[in-house]
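If you're wondering where the values come from, they're calculated on a predicted model, not measured in any experiment. In each ligand, atom 1 is the first atom listed, and ligand 1 is the first ligand listed.
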Amino acid sequence: MTIGVLALQGDFREHMNMIRSLGVQVQLVRFPEEVALVNGLIIPGGESTTIGKLMVKYGLDKAIIERFTAGRLALYGTCAGMIVLARNIEGNESQPHLGLLDVTVRRNAFGRQKESSEEDLDVEGLDTPFHALFIRGPVIVRTGPSVKVLAKVAEGPVYVQQGMLLASSFHPELGRDTRVHQRFVRLSEQSLNQEV
Ligand code: GLN
């Protein structure tokens, strides 16, 4: 079982450290060949336009979609990563994105763009709140019928699941609580059953 972290731009090191702290093997993913080595892939926070463009430039978008569609890859996007996974990006449809998660996101949706915020979230499946850190994150303004909302704030959903896809507007990799990453590791284990 190996978790990949897309290492094109953004805070991929923090995700790598968190997954390692769970005793799970990590592979940094920069080239399409490396997608085949992982059972789950985290798309980190950063700048979604940059991550999207680099993904297309290196042919990673095709490799990710192909392995995901074959049921052999779980995906988790945080913040910019959520935008990259989304089907629709309000007002920015032309920026490269994977379009797998049936939601519409609004970028930089939490008040003044420079501001970050923290909030204790009630999360489905967790018995105590999760302290979530938001940094110029997106909010979800539309969810498709197969999308389950795992947590929301006043502005809208901020943590969702659609089958083998997870996405959060907040940054669990910047805290000490590993429960959100644990959920993704468990989800990624399901893709192992598809291995031949
Ligand atoms: N504002 C960034 C974007 O729209 C996301 C910020 C983040 O990932 N922390 O791409």
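Of all protein heavy atoms, the one closest to atom 7 (C) of ligand 1 is C79 SG, 2.8 Å. Of the protein's non-hydrogen atoms, the one nearest atom 3 (C) of ligand 1 is R107 NH2, 3.5 Å. Closest to atom 1 (N) of ligand 1 among all protein heavy atoms lies N108 OD1, 2.7 Å.
The atoms of ligand 1 that sit less than 4.0 Å from any heavy atom of E47 are 10 (O). Heavy-atom contacts of I135 reach the following atoms of ligand 1: 6 (C), 7 (C), 9 (N) (cutoff under 4.0 Å). Every atom of ligand 1 with a heavy atom of G45 under 4.0 Å away is listed here by number and element: 8 (O). Contact atoms of ligand 1 toward S48: 3 (C), 4 (O), 10 (O) (distance under 4.0 Å to a heavy atom of the residue).
Looking at R142 and N88, their side chains do bring a donor and an acceptor atom within 3.5 Å of each other. Remark: the R183 side chain and the S188 side chain contain no N/O donor-acceptor pair separated by less than 3.5 Å.
For D120, the side chain to side chain contact (heavy atoms under 4.5 Å, CB included) partners at least two apart in sequence or on another chain are P129, H131.
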Which donor-acceptor pairs under 3.5 Å do side chains of residues 46-54 form with protein atoms, sequence neighbours excluded?
unit_1, atom_1, unit_2, atom_2, d
E47, OE2, T49, OG1, 2.8
E47, OE2, R107, NH2, 2.9
S48, OG, Q95, NE2, 3.0

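Between atom 5 (C) of ligand 1 and the options G137, S116, G46, the minimum heavy-atom separation is to G46.
Of the candidates V38, I42, V29, I3 forms a side-chain contact (heavy atoms from CB on, under 4.5 Å) with just one, namely I42.
The distance criterion of under 3.5 Å between nitrogen or oxygen atoms is not met by I83 with respect to ligand 1. Looking at ligand 1, you won't find any N or O of T49 less than 3.5 Å from one of its N or O atoms.
For Y159 and F130, the gap between ring centers reaches or exceeds 6.0 Å.
Under the 30°/60° scheme for interplanar angles, the aromatic rings of H15 and H181 are found to be tilted.
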